[in-house]
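To find a chain, count down the sequence lines: A is the first, B the second, and so on, and within it residues start at 1. The structure presented is a predicted model; accordingly, all values stated were derived computationally and were not measured.
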Amino acid sequence: MADSHEVIPHNFIHDIIDADLASGKHDHVVTRFPPEPNGYLHIGHAKAIVLNFGTAEKYDGRCHLRFDDTNPLTESVEYVESMQEDIQWLGYDWGDHLFYASDYFEKMFDCAVHLIRRGKAYVDSLSMEEIREYRGTVTEPGRFSPYRGRSIDENLDLFHRMRAGEFADGEHVLRAKIGMDSPNMLMRDPLLYRIRHARHHHRGDDWCIYPMYDFAHCLEDAFEAVTHSLCSLEFENNREVYDWVIRETEVENQPQQIEFARLNMGYTVMSKRKLLRLVEGGLVEGWDDPRLPTLAGLRRRGVPPEAIRTFCHRIGVTKANSRVELELFENTIRDELNMRAPRVMAVTDPLKVTITNFDGDTEWLDASYYPHDVPLEGSRKIPFTRELFIERDDFEEHPPKGFYRMSPGQEVRLRYGYYVTCQDVIKDDSGRIIELLCTYDPDTRSGTSADGRKVKGTIHWVSATEGIPCELRLYDRLFAQEDPEEDKEKDFLECLNPDSLILRRGVIEPSVLDDDPTTTYQFERRGYFRQDPKNTGDLLVFNRVVTLRDTWAKHTEEPTEAPKPKKPRAPQKPQEPTESERDRLRAEDSLLADRYQSLQDQGLHEETADVLTGDRHTLAFFDEALKSFHDPNAVGTWLVNEVLHRVDEDAAVDSLGITPDQVAALVEMVSEDRISTQISREVLEDVLANGGDPRAIVADQGLEKVSDEDALRPQLEEIVAAHPDEVQRFRDGNDRLIGFFIGQAMKKTGGTADPVAVREILQDLLSP
RNA sequence: UGGGGUGUGGCCAAGUGGCAAGGCACCUGGUUUUGGUCCAGGCAUUCCCAGGUUCGAAUCCUGGCACCCCAGCCA
């Protein structure tokens with residue numbers, strides 16, 4: 001697996017796994033990453049990879065790599081190979097657990113036959129268009145296919161002949177026999193197999209029928225004994241089919257599908273289709289273009305795999321659709337590189353500087369590879385000569401306020417070199433600055449002056465005569481808009497950032513010639529760079545991985561983007577009460593309607609009366625409880641808030657396992673002040689789970705409310721004494737902390753303390 | 001419009017009836033031979049809205065609103 005020191009943060013899926021382990025449902029964990037080999041992996045996949053492999057690692061289980069290759073038309077070995085390379089590069093190892101869905105085709109075929117034999121699947125011969133028509137719409141149910149009634153023998157025969165290649169593409173399909181009226185469109189007799197006379201990249205011509213996702217995927221999971229099958233949100237509707245297939249094929253294992261939100265990131269696109277358009281349209285150099293969010297692209301750009309893993313941990317795993325800001329990714333990359341990248345100097349936009357009072361030979365100066373705060377050792381020599389290059393934007397003839405780089409007469413430090421001062425500016429005919437004439441102070445070698453005088457600015461530089469020319473590829477965000485898909489009218493390609501790649505001819509210090517070409521550097525004050533691994537020419541080519549944070553740029557740049565407008569809170573439309581199921585029932589049942597009104601007349605809240613009179617069972621239960629304790633308001637409120645919502649949609653109250661008189665007893669004890677509401681809820685849980693008489697439970701467990709000050713005060717004093725910090729903060733004005741103290745008291749007394757009394761005593765104890 | 005989901009600062013995201021974690025971004029100030037890093041501080045009286053239950057609600061109840069997904073022989 002990846003670095004075993006890596007902390008894998010907890011998420012809601014881990015909660016589920018913890019529960020499954022605790023309940024004994026599973027005693028180990030198996031996950032899988034199941035890409036379809038029809039494109040390159042991108043950072044969105046990295047989220048899934050890190051989740052699946054990371055989860056397996058966290059629980060000491062295993063994670064399979066499985067190619068979900070059930071559609072020969074779009075898949076290829078190129079993708080199979082690139083995916084393996086990318087996953088390994090990310091730092092994960094699937095060991096022996098490499099699988100292909102297509103290797104399960106025989107087993108899947110058997111499952112399909114089993115389904116047919118059980119009358120749970122049939123061969124349909126409708127055309128594609130007809131199938132669509134018969135499916136109905138989201139609001140109307142579909143219709144049965146005329147072929148739905150074929151005999152088991154006929155289905156078996158047809159299905160075997162489909163496999164034998166007797167039919168053309170599209171002539172028949174195998175469908176599950178479930179029904180055509182499910183509100184879930186995917187459950188309307190989903191297609192299981194289609195005919196495709198196509199060569200498969202892994203199985204060749206073995207097959208001419210191919211299973212559909214809904215049939216294949218769950219079986220793959222089951223065959224591999226996957227325990228937790230993690231997929232993205234758009235498959236939520238498919239879960240019902242998943243479970244149906246697992247159940248009806250009667251396979252041995254029952255994997256559980258859990259969905260999480262896929263990753264979206266600012267200024268890029270993640271969908272395979274859109275990535276494919278960029279690649280095939282020649283808008284980028286290929287799948288590994290460094291501007292792409294593909295793993296191949298990020299790798300070529302120079303993003304370390306550790307940064308990608310850390311990023312995936314930082315963004316979390318939830319079910320909420322979200323888009324992560326690019327800044328978070330960039331910060332993660334910088335974080336990773338800051339601690340390990342050697343610093344060198346390169347000038348990306350050279351401006352010539354002549355040191356007029358320097359005449360000697362080349363001077364070789366010591367320069368550390370790492371700043372004081374990076375605990376790594378190492379240094380190199382850099383050549384100082386009469387002619388140098390500095391960065392064009394490090395000079396301003398008319399400096400703005402706060403500019404402390406080079407300007408006429410303003411002394412600056414050349415990093416690891418000397419203090420220099422600009423004396424003269426040389427321009428060409430068009431007024432463009434072409435050279436600066438400077439003087440240096442020979443007593444400031446290595447950047448410190450003998451007299452201790454300070455300079456504000458330090459700039460980087462490269463010898464004009466000893467420096468090495470190079471090409472610098474300054475990559476930036478691919479799109480100019482944070483969400484290129486935002487405008488549905490506009491094609492996302494119109495949002496491309498014209499400056500996503502800026503080519504520069506620059507110059508770099510000669511020391512890099514001795515380095516491993518895969519070194520990732522920090523070019524001081526410019527960003528992190530590393531050589532383009534695909535470069536075959538003689539000229540050095542460096543890709544910019546990411547810039548450095550630049551707080552100065554903020555002062556100078558016009559804000560390119562208006563500050564994000566505060567999301568206008570959607571004005572709530574006036575709430576027109578819509579007709580509910582309960583309203584409907586009352587309209588037909590005058591008894592219900594009458595009581596709805598009379599309960600409100602007796603002082604019950606409208607909502608409470610509404611729920612109580614929603615159907616006759618509920619009302620009868622309520623009335624029965626009233627016979628034991630006649631306080632309609634107390635009983636009704638408690639019933640609605642604590643009990644009724646636990647009843648299943650189609651079930652009646654009676655199914656719950658609590659009787660009206662048990663409810664009445666509970667409410668009565670609360671009303672008589674014998675127990676607190678908190679205790680009443682706990683006793684309710686107890687009754688629901690184990691049955692029994694509420695009064696007896698209260699008596700046996702000593703749950704009566706304690707309001708007696710003499711009993712309470714000593715305990716409260718202890719609590720106050722145990723939390724001096726909180727006391728101080730409370731006295732400093734944080735009065736919300738009263739809740740903390742009450743909570744402590746409730747915990748200490750097992751919920752029996754009278755919170756009103758506790759509050760009073762506490763107020764006294766805590767007042768300064 | 002039927003069904004399935006999701007709403008916590010500018011962006012992610014903890015939180016499961018008792019003090020609104022953390023990161024990114026942003027704003028101060030300090031250190032600094034990188035306008036980098038690092039350090040210190042600031043940044044949600046409030047959790048989509050409205051009611052209700054409770055001593056106490058982001059959390060429980062009722063009702064609403066917004067956004068995402070589903071009518072491929074794609075996955």
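Evaluation of the side chain to side chain contact (heavy atoms under 4.5 Å, CB included) rule for A:Arg453 yields A:Glu411, A:Tyr419, A:Asp441, A:Thr444, A:Ser449, A:Asp451 as partners, not counting sequence neighbours. Under the salt bridge (Lys or Arg N to Asp or Glu O under 4.0 Å) criterion, A:Asp550 pairs with no residue, sequence neighbours left out. Take A:Pro183 and apply the side chain to side chain contact (heavy atoms under 4.5 Å, CB included) test, not counting sequence neighbours, and it matches no residue. Contacts of A:Val412 classified as side chain to side chain contact (heavy atoms under 4.5 Å, CB included), with partners at least two apart in sequence or in another chain: A:Met406, A:Val420, A:Ile459. With sequence neighbours left out, A:Thr448 forms a side chain to side chain contact (heavy atoms under 4.5 Å, CB included) with no residue at all. Judged as a salt bridge (Lys or Arg N to Asp or Glu O under 4.0 Å), and not counting sequence neighbours, A:Asp69 has no contacts. Annotation: salt bridge (Lys or Arg N to Asp or Glu O under 4.0 Å) contacts of A:Arg340 (sequence neighbours excluded): A:Glu306, A:Glu336.
The base of B:U34 sits with one of its N or O atoms less than 3.5 Å from a complementary donor or acceptor on the side chain of A:Gln522. At a cut-off of 3.5 angstrom, the base of B:G7 holds no donor-acceptor pair with the side chain of A:Asn321. Within 3.5 Å, no donor on the side chain of A:Glu607 pairs with an acceptor on the base of B:G52, nor the reverse. No N or O donor and acceptor, one from the side chain of A:Gln744 and one from the base of B:G18, sit under 3.5 Å apart. Side-chain to base pairing of A:Arg405 with B:G35: one donor and one acceptor N or O lie within less than 3.5 Å of each other.
Glycosidic torsion of B:G52 falls outside 90° of 0, placing the base in anti.
In this structure, B:U16 makes no Watson-Crick or G-U wobble pair, since no nucleotide meets both defining distances under 3.5 angstrom. Across all strands shown, nothing is found opposite B:U31 as a Watson-Crick or G-U wobble partner with both distances under 3.5 Å. Remark: B:A71 base-pairs with no nucleotide; criterion is Watson-Crick or G-U wobble with both hydrogen-bond distances under 3.5 Å. Under the Watson-Crick or G-U wobble criterion, with both distances below 3.5 Å, B:G36 has no partner in any strand shown.
Cation-pi contact between A:Arg343 and A:Tyr369: absent, since separation from the ring centre below 6.0 Å together with deviation from the ring axis within 45° is not met.
Looking at A:Arg525 and A:Glu391, no side-chain N of the basic residue comes within less than 4.0 Å of a carboxylate O on the acidic one, giving no salt bridge.
Phosphate proximity of B:C69 to A:Arg239: absent, as no side-chain N or O sits under 4.0 Å from OP1 or OP2. The shortest distance between the side-chain N/O atoms of A:Thr551 and the OP1/OP2 oxygens of B:G36 is below 4.0 Å.
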Self-check item: Letter per nucleotide, 5' to 3', of nucleotides 53-60 of chain B [B base touched, S only sugar-phosphate touched, - untouched; heavy atoms, 4.0 Å]
Solution: SSBB---S
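Ring stacking holds between A:Trp552 and B:G35, with the centres under 5.5 Å apart and the planes within 30 degrees of each other.
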Anything under 3.5 Å between a protein N or O and an N or O of nucleotides 37-39 of chain B, put it in a table, one pair a line.
from	atom 1	to	atom 2	distance (Å)
B:U37	OP1	A:Arg549	NH1	3.3
B:U37	OP2	A:Arg549	NH1	2.8
B:U37	O2'	A:Asn338	ND2	3.0
B:U37	O2'	A:Asp373	OD2	3.4
B:U37	O2	A:Asp373	OD1	3.4
B:U37	O2	A:Asp373	OD2	3.4

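In this structure, the nucleotide among B:A14, B:C24, B:C73 sitting nearest to the side chain of A:Leu191 is B:C73.
A:Ile131 comes within 4.0 angstrom of a base, heavy atoms only.
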